[in-house]
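Scroll down for the structure; my scribbles are underneath it.
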There are 2 protein chains.
Amino acid sequence: MVEFLTTGDILMEDKRISKAVIARLPRYYRYLGEISEEGIERISSKELSVRMKVTASQIRQDLNNFGGFGQQGYGYNVKYLYNEIGKILGIDRQHNLIVIGAGNLGNALTNYTNFEKRGFVIKAMFDVKPQLIGKEIRKVKIYHLDTLEDYISKHQIQIAVLSIPKNEAIAVAKRLVNAGIKAILNFAHTDLEVPEDVIVENVHLSDFLMKLSYRVSSLTENQ
Amino acid sequence: MVEFLTTGDILMEDKRISKAVIARLPRYYRYLGEISEEGIERISSKELSVRMKVTASQIRQDLNNFGGFGQQGYGYNVKYLYNEIGKILGIDRQHNLIVIGAGNLGNALTNYTNFEKRGFVIKAMFDVKPQLIGKEIRKVKIYHLDTLEDYISKHQIQIAVLSIPKNEAIAVAKRLVNAGIKAILNFAHTDLEVPEDVIVENVHLSDFLMKLSYRVSSLTENQ
DNA sequence: TAGATTGTTAATCGATTAACAATC
DNA sequence: TAGATTGTTAATCGATTAACAATC
């Protein structure tokens with residue numbers, strides 16, 4: 001069978017990276033950043049696996065989805081690998097965000113300075129409460145939700161953060177999609193209805209507590 | 001082989017439920033709650049699968065990890081199934097929480113009234129800033145972190161929510177463990193070091209943004 | 001009873017781990 | 001060169017989907 005293939009046949013294929021792999025990348029990135037700050041220049045998959053409590057095999061498999069970043073007999077250059085994973089994650093450049101909902105959670109997120117360290121810059125907030133419009137959180141201005149589409153079309157906004165009650169979330173998500181937003185970080189406790197090409201990441205906070213609750217409860221039952 | 005087994009041999013086994021199944025339970029619970037509120041009394045796995053955009057097979061497999069909740073030819077009683085999943089998740093009873101860190105995120109979480117609807121009651125907050133001690137957020141008092149162990153031993157606290165900077169998180173987590181806490185919802189951007197029997201659920205907010213960023217970036221690259 | 005739909009077994013698919021030849 | 005460790009193939013494990021007999 002091999003003789004029928006010519007160079008490039010297989011390389012052309014757009015290999016789909018599994019969600020599990022992508023979900024692990026931020027953790028690699030964090031560990032490599034810490035290791036780099038410790039002044040360590042090189043690391044083997046084995047050493048990294050011990051730190052991260054995963055298998056060395058998984059690390060090598062994960063990384064080789066994106067290319068060969070290591071060197072036989074040597075391991076990986078920490079800083080280089082850190083930068084490469086940053087590129088893969090797309091955080092080598094700035095992403096402009098808007099936050100919809102200037103309530104407690106919206107404010108907390110806007111005040112969360114760690115986002116900017118990773119290139120995520122919050123450009124504006126939106127709400128409907130008259131008393132909030134015009135206020136500023138860390139230099140980020142709150143606009144009325146009516147001006148949402150206008151703002152998005154005038155600025156380079158890639159990602160919207162949705163921190164509003166669930167009964168309004170679906171309608172606002174549709175407006176975001178119509179205005180051209182391609183990615184939504186959804187804190188509202190509902191699934192959004194968006195086209196296939198719009199990316200949604202759900203953060204349902206009470207779901208995390210329920211998972212804890214399950215495990216706490218099953219512990220006590222068996223004892 | 002079968003003739004060697006007597007009744008009960010297999011039933012004794014403590015079947016481990018996979019994490020993937022448990023992670024799906026809160027979503028089932030949410031959909032069933034909504035369906036119940038619509039006044040729908042029964043539903044088949046097929047109908048539910050259409051709503052939830054999963055396979056009917058997966059629903060039946062998931063549920064049958066915990067018992068047969070349905071009836072052939074009929075489907076599932078919505079309210080009954082809702083309650084049963086609630087019991088499995090351990091939210092048929094109250095869980096007392098404490099929140100460590102009364103910053104923006106800690107305040108937002110304490111103000112998040114949805115937790116109480118699911119039986120998660122925040123009993124106290126802790127911080128080190130003198131100007132915060134004694135203040136109240138929604139009737140929840142802020143105590144000094146020095147009194148943490150004392151408070152935990154005097155009250156029935158199952159779960160701690162950690163919303164403090166990462167450089168303090170590991171040390172505080174150790175104190176929580178020593179004080180007897182069995183479950184931690186960790187918002188600090190670091191992995192905690194805890195014994196095997198302590199349950200940690202990590203919520204690394206910037207990781208979610210990085211996952212979005214990856215997908216936004218890979219979209220633009222291929223076009 | 002006939003039809004519907006479960007509970008459960010079997011088949012498939014995908015992800016993780018192990019093994020090792022390639023090579024620095 | 002000898003030793004170390006990668007990149008990658010093969011083996012294993014687990015999770016999802018399909019199929020269908022059991023049964024309401």
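Here is how names work: the chains are called A, B, and so on, in the same order as the sequence lines, proteins then strands, and each is numbered from 1.
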* **Options dT16(D), dT5(C), dT6(D), nucleotide nearest the side-chain atoms of Ser44(A)** => dT6(D)
* Round to a whole Å and report the spacing from CD of Gln58(A) to P of dT6(D). => 15 Å
* **Who pairs with dA15(D) - Watson-Crick or G-U, where each distance is under 3.5 Å** => dT12(C)
* Asked: Does any N or O in the side chain of Ser217(A) come within less than 3.5 Å of the main-chain N or O of Ser213(A), such that one atom is a donor and the other an acceptor?
  -> yes
* **Whole-Å gap separating P (dT6(D)) and CG (Leu63(A))** => 10 Å
* Quickly work out the Glu47(A) CD to dT6(D) P distance and round it to whole Å. => 9 Å
* Hey, is Asp197(A) close enough to Lys182(A) for a salt bridge, meaning N to O under 4.0 Å? -> yes
* Asked: What is the distance from NZ of Lys46(A) to C1' of dT5(D), rounded to the nearest Å?
  -> 12 Å
* **Integer-rounded Å distance: dA4(C) C1' and Leu48(B) CG** => 17 Å
* Rounded to whole angstroms, how far apart are CZ on Arg42(B) and C1' on dC24(D)? -> 11 Å
* Can you check whether Arg27(B) reaches Asp191(A) side chain to side chain, under 4.5 Å on heavy atoms? -> yes
* Watson-Crick/G-U partner (both atom distances under 3.5 Å) of dA21(C) -> dT6(D)
* Residue closer to the 5' end of DNA chain C, Ala56(B) versus Asp62(A) (nearest nucleotide) -> Ala56(B)
* With respect to the side chain of Arg60(B), which nucleotide from dT8(C), dA22(D), dT5(D) is positioned closest? -> dT8(C)
* Quickly work out the Tyr76(A) OH to dA4(D) P distance and round it to whole Å. => 18 Å
* **Heavy-atom side-chain proximity of Arg118(A) to Leu89(A) below 4.5 angstrom** => no
* If you draw a 6.0 Å radius around CD in Gln156(A), do more than 12 non-hydrogen atoms from other residues or ligands fall strictly inside? -> no
* For dT5(D), does either OP1 or OP2 sit under 4.0 Å from a side-chain N or O belonging to Ser45(A)? -> no
* Asked: So does Gln61(A) reach the base of dT8(D) with its side chain, donor to acceptor, closer than 3.5 Å?
  -> no
* **Asn64(A) CG to dT5(D) P, straight-line distance once rounded to whole Å** => 16 Å
* N/O donor-acceptor pair, side chain Ser57(A) with base dA18(C), under 3.5 angstrom -> yes
